[in-house]
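One structure is given below, encoded as structure tokens.
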Amino acid sequence: MPELPEVETIRRSLEPHVAGRRILAAEFLCLRVLRGGDPDEMAARLAGRRVIALRRRGKFLLFELEGGLILLVHLGMTGKLLMGAEPGPHTHAIITLESGALLYDDSRQFGCLELHDSVPARVARLGPEPLEVGFEEFARGLRKRRTRLKALLLDQRFLRGLGNIYADEALFRARIHPFAVAARLGPERARRLYDAIVEVLGEAIAAGGSSISDYVDGNGRRGFFQTRHRVYQRTGEPCVVCGTPIRRTLVAQRGTHYCPRCQRR
DNA sequence: ATCGGTACCTGCACGC
DNA sequence: TGCGTGCAGGTACCGA
């Protein structure tokens, strides 16, 4: 489900409910999403602790807690954090704060909740934030990689936060074929790609993210950027620029949508 | 060291 | 109605 714009929307929607609030209790109902963490120990360490801040790094959310602890949350494909909702069959954690109950729901269980004493390696080794990186650093990163651009945009060590939707949408806006080799992009196309990424992420955040099937923010509100997708899941529909039917192919086993006319090899 | 392919899970849409 | 298939916003791990 959630890529950078969705996770940022969730962060903004939750921040007023959690920042500065104390955790009264925590309950963990699913071992899988804890990735080896001990549910009772996590609950004991969380209870009574105040949340200092809620930050985002790429697609990760970090609840920064008193005493330097970090509750790390990744939403995987179907993870949701919901304030004041009723628990359902896929509710795997209930964190009760002074301000109400925060639920973690995740039907596919690809997400995770972990408690760390410091920023874990998985987060530390992420690439730069796409809305903060400068063009020169972005272009240097491109030159080092001989892989296809679509695969590179999904690689969180290159940039953190892009996923399948925004990789396809950025490549379309930059008019670059998803199979193009990163290291062979000239400065002009590299610039177009950089600008397209910044533009599409900014518009998506402003729209509250893309609700394809079930994404909602922390207050249960849907985003509406899905109505502005130009290629993602528009296979066979006319390109908004030239009318050519949008094509679907596979890159690194991920569905990849592009206009064969606007995005030449 | 870098790549692509596979596995992990559930739910849904589709064709028969 | 029910069953099989393929697909879905994610990452980690494996072997080449």
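Quick caveat: nothing in here was measured; it's all calculated off a predicted structure. Naming convention: chains lettered A, B, ... in sequence-line order (proteins, then strands); numbering from 1 in each chain. What's counted below: heavy atoms across the whole structure, side chains too, no hydrogens, waters or symmetry copies.
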Checklist entry - Do the charged groups of A:Arg160 and A:Glu129 touch, with an N to O distance under 4.0 Å? => result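 Salt bridge flag = yes for A:Glu129 with A:Arg160.
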Checklist entry - Linking I/L/V/M/F/W/Y whenever any side-chain heavy atoms sit under 4.5 Å apart, do A:Leu81 and A:Leu69 land together? => result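 Yes; A:Leu69 is reachable from A:Leu81 via cluster members.
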Checklist entry - Is there a path of hydrophobic side-chain contacts, each under 4.5 Å between heavy atoms of I, L, V, M, F, W or Y residues, that connects A:Ile176 with A:Leu201? => result yes
Item to check | Between A:Asp168 and A:His229, a side-chain donor and acceptor under 3.5 Å | outcome: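 The answer is no; no qualifying pair exists.
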Next on the checklist: By the 4.0 Å heavy-atom rule, please label A:Tyr166 as base, sugar-phosphate, or nothing.
Outcome noted: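 Answer is nothing: A:Tyr166 stays at 4.0 Å or more from every strand.
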Checklist entry - Checking all strands, does A:Ser211 fall into the base, sugar-phosphate, or nothing category for heavy-atom contacts under 4.0 angstrom? => result base
Checklist entry - Given A:Asp106 and A:Leu75, is the side-chain contact (heavy atoms from CB on, under 4.5 Å) satisfied, shown in steps? => result CA-CA 8 Å; A:Asp106 186 357; A:Leu75 299 168; over 6 Å; no
Rounded interatomic separation in angstrom, taking [atom1] from [X] and [atom2] from [N]:
X        : N      : atom1 : atom2 : answer
A:Gln109 : C:dT11 : CD    : P     : 17 Å
A:Asp106 : C:dT11 : CG    : P     : 13 Å
A:Arg254 : C:dG10 : CZ    : C1'   : 7 Å
A:Leu75  : C:dG10 : CG    : C1'   : 10 Å
A:Ile212 : C:dG10 : CD1   : P     : 11 Å
A:Met77  : B:dG11 : CE    : C1'   : 12 Å
A:Leu152 : B:dT2  : CG    : C1'   : 12 Å

Checklist entry - Just the dot-bracket of DNA chain B, please: which string comes out with Watson-Crick or G-U pairs under 3.5 Å, [ ] for crossing, | for another strand? => result .|||||||.|||||||
Next on the checklist: Taking 4.0 Å as the cut-off, does a side-chain nitrogen or oxygen of A:His74 come that near to OP1 or OP2 on C:dT11?
Outcome noted: yes
Next on the checklist: Does the plane of the ring in A:Tyr232 sit parallel, tilted or perpendicular to the ring in A:His257? Use 30° and 60° as the thresholds.
Outcome noted: perpendicular
Next on the checklist: Angle between ring planes, A:Phe225 versus A:Tyr166, binned at 30° and 60°: parallel, tilted or perpendicular?
Outcome noted: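 Rings of A:Phe225 and A:Tyr166: tilted, 30 to 60°.
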Next on the checklist: Please identify which of these residues, A:His74, A:Glu114, A:His116, meets the side-chain hydrogen bond (donor to acceptor under 3.5 Å, both in side chains) condition with A:Arg122.
Outcome noted: A:Glu114
Next on the checklist: By a 5.5 angstrom centroid cut-off and a 30 degree plane limit, is there stacking between A:Phe110 and C:dT11?
Outcome noted: no
Any idea which of [options] is nearest the [X] side chain?
X        : options               : value
A:Tyr232 : B:dT10, C:dA8, C:dT11 : C:dA8
A:Arg108 : B:dG11, C:dA8, C:dT11 : C:dA8
A:Arg248 : C:dC7, C:dT11, B:dG11 : C:dC7
A:Glu3   : C:dG10, C:dC7, B:dT10 : C:dG10

Could you list, one pair per line, each protein nitrogen or oxygen that sits under 3.5 Å from a nitrogen or oxygen of nucleotides 12-14 of chain C, together with the distance?
| from | atom 1 | to | atom 2 | distance (Å) |
| --- | --- | --- | --- | --- |
| C:dA12 | OP1 | A:Arg122 | NE | 2.9 |

Next on the checklist: If you compare all heavy atoms of A:Arg108 against all heavy atoms of A:Thr78, which two are closest, and at what distance to 0.1 Å?
Outcome noted: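 Taking A:Arg108 first and A:Thr78 second, the nearest heavy atoms are N-OG1, 3.0 Å.
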Polar pairs (N or O, both sides) under 3.5 Å between protein and nucleotides 3-5 of chain B?
| from | atom 1 | to | atom 2 | distance (Å) |
| --- | --- | --- | --- | --- |
| B:dC3 | OP2 | A:Arg145 | NE | 3.2 |
| B:dC3 | OP2 | A:Arg145 | NH2 | 2.9 |
| B:dG5 | OP2 | A:Gln253 | OE1 | 3.2 |

Checklist outcome for this item: Residues at least two apart in sequence or cross-chain that pass side-chain hydrogen bond (donor to acceptor under 3.5 Å, both in side chains) with A:Glu8, listed by chain then number, are A:Arg11, A:Arg12, A:Arg56
Return a table of donor-acceptor pairs under 3.5 angstrom between the side chains of residues 239-253 of chain A and protein atoms on other chains or two or more places apart.
none

Next on the checklist: Under the rule for side chain to side chain contact (heavy atoms under 4.5 Å, CB included), what residues qualify as partners of A:Pro39, not counting sequence neighbours?
Outcome noted: A:Phe28, A:Leu31, A:Leu34
